[in-house]
Amino acid sequence: MRATKATNHTTIKLTALQIKELTVPTILNETLKAELEQTRARLLSEQDTIAQTVSKQAEEEIDRVLGYINSLLGEDAPSTPASKPDSKPKAAPSEPKTAPPASKTGQSYDASALKAKFKGLKPMEAILKVLADEKHPLSIDDLINQLYDAFDQVDIAKARRSVAITTKHAERRGLLRKVQDNPSRFESV
């Protein structure tokens, strides 16, 4: 009776091992296994580099968004000591890349750098003033031309996006009205 129990127990163990051996090779062949091991080794060896790169990219994106929000609010961007060292080395290599296609003016677009007649006003206040002075609805490009001095045309998409977002916020607040789509045209309320 003992021999039977031992035999049955061994049979069950062998069956479980056989199932395990049959399942693993069918899912992972040797080539795939080798590739997975190489990928795991590469990720482990590059883990710190990947984490630093992702962290820097996230910091740059946060700085960009904060700068944009500050420009919409008409405030100077507060600088933090922690983000300055990381962003300075990256800014130096990227400036030469954007410098060659500069237009005659050489100035880049800055949402808070309004024309002199709008000095002291936030971008939204300046937009509302321009629309109040006009008798007909204005497009985004019309607003850009009236609000800003000439700037590098490479930045026109950035300027359009900035003015579009600002007009959308003003529209939600009920400060202006959108009267046309494609191209969007706005008028004072």
Checklist entry - If two hydrophobic side chains count as joined below 4.5 Å and joins carry through other members, does Val179 share a cluster with Leu128? => result no

Next on the checklist: Just so I know, are the side chains of Arg64 and Glu60 near enough to count as touching, which here means a heavy-atom distance under 4.5 Å?
Outcome noted: no

Checklist entry - Would Glu171 and Lys168 pass as an ion pair if we require N to O under 4.0 Å? => result yes

Next on the checklist: For Leu175 versus Met124, what's the shortest heavy-atom pair and its separation?
Outcome noted: CD1-SD, 3.9 Å

Next on the checklist: Does Val130 form a side-chain contact (heavy atoms from CB on, under 4.5 Å) with Phe118? I'd like the steps, not just the answer.
Outcome noted: CA-CA 10 Å; Val130 167; Phe118 301 112; 3.4 Å; yes

Checklist entry - Between Lys129 and Leu121, is a side-chain contact (heavy atoms from CB on, under 4.5 Å) present by the stated rule, with each step listed? => result CA-CA 10 Å; Lys129 182 174 176 18; Leu121 295 178; 3.9 Å; yes

Checklist entry - Short question: side chain of Tyr148, backbone of Ala111 - any donor-acceptor pair under 3.5 Å? => result yes

Next on the checklist: side-chain contact (heavy atoms from CB on, under 4.5 Å), that's the test. Do His136 and Leu138 meet it? Break it down for me.
Outcome noted: CA-CA 7 Å; His136 54 78; Leu138 296 177; 3.7 Å; yes

Item to check | Straight-line distance of Leu114 CG to Lys122 NZ, nearest 0.5 Å | outcome: 12.0 Å

Next on the checklist: Within the 4.5 Å heavy-atom criterion, are Phe151 and Ile144 side-chain neighbours or not?
Outcome noted: yes

Checklist entry - How far does CD1 of Ile50 sit from OG of Ser45, to the nearest 0.5 angstrom? => result 8.0 Å

Checklist entry - What is the minimum heavy-atom distance between Arg177 and Val189, and which atoms define it? => result N-CG2, 3.8 Å

Checklist outcome for this item: CG (Leu143) and CG (Leu131) are apart, to the nearest 0.5 Å, by 5.0 Å

Next on the checklist: For a quick test of reading the model, state the closest non-hydrogen atom pair linking Ala170 to Leu176 and the distance between them.
Outcome noted: CB-CD2, 3.5 Å

Item to check | Any donor-acceptor pair under 3.5 Å from Asp181 side chain to Ser184 backbone | outcome: no

Next on the checklist: Do the side chains of Lys56 and Glu59 get close enough for a salt bridge, i.e. N-O under 4.0 angstrom?
Outcome noted: no

Item to check | Steps toward side-chain contact (heavy atoms from CB on, under 4.5 Å) verdict (Ile62, Val65) | outcome: CA-CA 5 Å; Ile62 290 169; Val65 170; 5.8 Å; no

Checklist entry - Rounded to the nearest 0.5 Å, how far does CD of Glu187 lie from NZ of Lys135? => result 14.0 Å

Next on the checklist: Nearest 0.5 Å, please: how far is OH in Tyr68 from CZ in Arg161?
Outcome noted: 6.5 Å

Checklist entry - Does the side chain of Pro137 reach to within under 4.5 Å of the side chain of Gln180, using non-hydrogen atoms? => result no

Next on the checklist: Do Leu36 and Leu44 sit in one hydrophobic cluster, given that two such residues count as connected whenever their side-chain heavy atoms are within less than 4.5 Å of each other, even indirectly?
Outcome noted: no

Checklist entry - When rounded to the nearest 0.5 angstrom, what distance separates OG1 in Thr167 from CZ in Arg172? => result 10.0 Å

Checklist outcome for this item: Closest non-hydrogen atoms of Ala126 and Leu147, given as atom of the first, atom of the second and distance, are CB-CD2, 3.5 Å

Next on the checklist: Main chain of Lys158, side chain of Ser162: is a donor-acceptor contact present, judged purely on distance under 3.5 Å?
Outcome noted: no

